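To start, the structure under review is shown below, and the notes come after it.
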Amino acid sequence: MTAYKLRVGDPDRTRADVVVVGATRALSEKASGRSKGVRLAPGAEAVTTAFGRKLAPLLQSLGVEGKPGEVTKIPTNGVIKSPLLLVVGLGESVDAESVRRASGVAARAVSNAASVALALPADTAELVRAVTEGYILGGYEFTAYKSNRAAKAPVEVAVLSPIGRTVEAIAAAETAEVLAQARCLVRDWVNNPPGDFTPAKFADAVVTANKARKGRPRVSVKVFDETALAERGTGGILGVGRGSASPPRLVRLTYNPAGAKAHLALVGKGITYDSGGLSIKPAASMTTMKMDMAGAAAVVAATLSIADLGLPIQVTAFAPMAENMISGNATRPGDVLTMYGGKTVEVLNTDAEGRLVLADALGHAVESKPDAIIDVATLTGACIMALGDRVTGLMGNDDDLIDQVSAAAAQAGEMAWHLPIPDEMTEKVRSNSKVADLAQHNSERWGGALYAAAFLQEFVGDLPWAHLDIAGPAYNEKAAYGYTPSGGTGAMVATLVELATRMAESAG
Ligand code: BES
Ligand code: MN
Ligand code: ZN
């Protein structure tokens, strides 16, 4: 395990195997495109001074432009104490997100260093947090199944900051560690092969993760197995899970600190594998479907983080877990399921399974009488069609809550975009089945993300509710960028924790 330390010292005198600094491109020189406008960013002043007049021509001959994603390694030959200077591009603006990304890029570029000093812009608590968070997130690797590759993380990473001794900076660094580790836990869970991460194993992993939090504010975890689910009448979870040899689970987490200012209910889709069921997916669409539990992982990790940070807000989280498979016992298109609470649903496409497990979990969330409900789900390919694979679709029934979630996402550096739930969709959900109360699936494919949200809305009563469709951002099928690795990303954990922080403050 890498130790992260907040330090006040100057980067030229820091004894570390690598010193990381940022490079920015001055706005005025942007148009000319010459590297003349490149400067080392705040935090690197002592390095700039140590190199003196040699710095500008050196950066120019190395082709340093200060672009995001750019990495340049410079042997220092004794100009500063550290033997290697690593320059990462920040782009044109120095803000929390550009710093977080640059720090992530640096983490991936560092190889074989026991100690690293980060001299990136860190003169505010927000930037201290960004540097720390970005480095932990960017350095993430999933090596559990590589037979001869141990992770190469450094022993010590020093975050250099002029305000490193203030309580705000120390708190920001701690928050960063809690949050980044939570996102890495989500990534591990998402990256696990689905045969090794069945609903029962996922539920066990939640119990284990909670037990590992010794000494932190208490969270209680309750696991409902298939027998308990049958007693409760959760037809959605059982209907989706019945085609699998690995039975479903529903996990409930409760965090109820003294002096809680508000009560937030979280719900996350936990399909440990989505083959599509009898409405089977094409082979190419199935290869990434181990990620279909990313919403459940996100709400669990967010709940544990909210507790770790001791935020004065009550959280009740529900993670319905099931594997969507095929067998002689699988739910058929045409079957009718009775959901928790009694509404009947005609299943028309077994690949639209997420909304079925979520309906039962939302019913439980309503019963916990929260002030608001947020659900997170890798719900629809249609949402990726609409917004691309880096933007979360945000829907709901309450404009204030939507605004709060939007603001929290922006602050957390995650992109979320509000989509409508047209009345016309609700009308279809309620009238398209000839045999049941609700139709699970719309035969018309347009607006699939909105129809799914309209379906979920039937299960939240009149409580303020927001729905986050993370089908795109939960999983990066391409190369790593910024602090986002290939594979599981940990999407929406930071947004949920930020939202909880805001709810605790505004209610206080
Ligand atoms: N898990 C998928 C959605 C998904 C697709 C997530 C691609 C990530 C990447 C979901 O269960 C699903 O299969 N949705 C269907 C719904 C359709 C049958 C109405 C879809 O999007 O095609
Ligand atoms: Mn599906
Ligand atoms: Zn799915």
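Predicted model, so just to flag it, every value in this text is computed and none were measured. Counting convention: from 1, in listed order, for ligands and their atoms alike.
Legend: protein N/O/S atoms lying under 2.8 Å from the Mn ion (ligand 2), waters omitted, number 4.
For Ala182 against Ser305, the heavy-atom pair with the smallest separation is CB-OG, 3.1 Å.
In this pair, His364 and Tyr340 present their aromatic rings parallel. The plane angle is below 30°, not in the 30 to 60° band. Aromatic ring orientation, Trp465 versus His467: parallel (interplanar angle below 30°, classes split at 30° and 60°).
For the side chain to side chain contact (heavy atoms under 4.5 Å, CB included) with Val366, the lone residue among Ile373, Asp462, Val267 that qualifies is Ile373. Checked against Thr501 for a side chain to side chain contact (heavy atoms under 4.5 Å, CB included), the options Leu496, Leu311, Leu309, Ile306 give a single hit: Leu311.
Using a 4.5 Å heavy-atom threshold, the side chains of Arg232 and Asp360 count as separate.
In summary, the side chains of Asp371 and His263 do not present any donor paired with an acceptor at a separation below 3.5 Å, with no hydrogens or angles considered.
Put simply, the side chain of Asn210 never gets that close to the backbone of Val206: no donor and acceptor are under 3.5 Å apart.
Listing protein N, O or S atoms at distances below 2.8 Å from the Zn ion (ligand 3), with waters left out, gives Lys269 NZ, Asp274 OD2, Asp292 OD2, Glu353 OE2.
Partners of Tyr255 under the ring-ring contact (aromatic ring centres under 6.0 Å, His included) rule, at least two apart in sequence or in another chain, do not exist in this structure.
Within 4.0 Å of ligand 1, protein heavy atoms come from Lys269, Asp274, Lys281, Met289, Met291, Asp292, Asn349, Asp351, Glu353, Arg355, Thr378, Leu379, Thr380, Gly381, Ile384, His441, Ala471.
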